[in-house]
Asks: 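Mind looking over this structure? Questions follow.
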Amino acid sequence: MNNEVLEIIEYLTSKKDELASQLESLVDEYWVTWRDTNRNIISQSGNPDSVARVGAVAPSIRVYATKAHDRIILRWRIYENSWARLNAAKQDKQTLRYAKEIKRNKDGTTSRFKLTKEAVSWEVEQIDKFLNEAEPVITLINSIHQSLKLLNKLNTKAPTEL
């Protein structure tokens, strides 16, 4: 049984890695479109007829490493300007912050309401398109993560075969 569990863990880990790379490519596509749209808006800023505003909401991927497996989180951030902000909240350590993170729900996802509240109109369309493609991938990654947690727990509790 121990070998079977290890094979299943290995298979699920490889599938999770494939899905993570797929999610990463979706985030990269979002960033390319987001950056290009912002550049176009900035280049049109001298045009008095231009009413578009520069966007500030974009996703990033965070990997939390643990002993048995990594947890992959999609987080949304607000990039209001290009200046780094000094975060002096921690007494001894000071870190540079380039963006403010939008708070996530307990399940690790960010609500659409919070995203659209911070986004401009063209970003809302881009966010909707991104979420339609990314939500199934995120759901699968979370399901595999939960399965891996249970399998690792089962594998450590199972008596070793002689």
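Note that the structure is a prediction, hence the values are computed from the model and not measured. Along the sequence shown, residues are numbered consecutively beginning with 1.
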Asks: Flag the pair Glu29 / Val32 as yes when at least one side-chain heavy-atom distance between them is below 4.5 Å, and no otherwise.
Replies: no
Asks: Just how far is it from atom CD1 of Ile8 to atom CG of Leu151, taken to the nearest 0.5 Å?
Replies: 6.0 Å
Asks: Please report the interatomic distance CG(Leu131) to CZ(Arg112), rounded to the nearest 0.5 Å.
Replies: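 It is 8.0 Å, given to the nearest 0.5 Å.
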Asks: Would a distance-only check, ignoring hydrogens and angles, find a side-chain to backbone donor-acceptor pair under 3.5 Å from Asn38 to Val54?
Replies: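 Pair absent, no side-chain N/O of Asn38 close to backbone of Val54.
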Asks: With hydrophobic residues grouped by side-chain heavy-atom distances under 4.5 Å, do Val63 and Leu140 end up in a single group?
Replies: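 Yes, it is one cluster - the side chains of Val63 and Leu140 are joined through contacts under 4.5 Å.
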Asks: Could you pull out the closest heavy-atom pair between Thr13 and Ile9, with the gap in Å?
Replies: OG1-O, 2.7 Å
Asks: Determine whether a donor-acceptor pair (N or O, by modelled atom type, separation under 3.5 Å) exists between the side chain of Glu123 and the backbone of Val57.
Replies: yes
Asks: For Phe130 and Trp76, I'd like to know if the aromatic rings sit close, meaning centre-to-centre distance below 6.0 Å.
Replies: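 Between Trp76 and Phe130, which both carry aromatic rings, the centre distance is below 6.0 Å.
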Asks: Quick one: does Thr110's side chain get under 4.5 Å of Asn105's, heavy atoms only?
Replies: no
Asks: Does Lys114 reach the side chain of Glu118, with side-chain heavy atoms less than 4.5 Å apart?
Replies: no
Asks: Taking atom CG of Leu74 and atom CD of Glu24, what is their separation to the nearest 0.5 Å?
Replies: 11.5 Å
Asks: Check the pair Ile61 / Ile73 against side-chain contact (heavy atoms from CB on, under 4.5 Å), numbers first and verdict last.
Replies: CA-CA 6 Å; Ile61 295 176; Ile73 298 287; over 6 Å; no
Asks: What distance do Glu125 atom CD and Thr33 atom OG1 have between them, rounded to the nearest 0.5 Å?
Replies: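 Between Glu125 CD and Thr33 OG1, I get 12.5 Å after rounding to 0.5 Å.
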Asks: Kindly give the heavy-atom pair with the smallest separation between Ala134 and Leu26, and that separation in Å.
Replies: CA-CD1, 3.9 Å
Asks: Check the pair Lys149, Asn152 against side-chain contact (heavy atoms from CB on, under 4.5 Å), reporting the backbone distance first and the verdict last.
Replies: CA-CA 5 Å; Lys149 277 175 50 176; Asn152 282 323; over 6 Å; no
Asks: With no hydrogens and no angle check, is any side-chain donor or acceptor of Trp122 less than 3.5 Å from a backbone partner on Trp34?
Replies: no
Asks: Any idea which heavy atoms bring Pro59 and Trp31 closest together, and the distance?
Replies: O-NE1, 2.6 Å
Asks: Measure the CD1-CG distance between Ile127 and Asn132 for me, rounded to the nearest 0.5 Å.
Replies: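 Output value for this atom pair is 12.0 Å.
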Asks: Rounded to the nearest 0.5 Å, what separates atom NZ in Lys16 from atom CG in Asn142?
Replies: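 Spacing of NZ (Lys16) from CG (Asn142) equals 8.5 Å.
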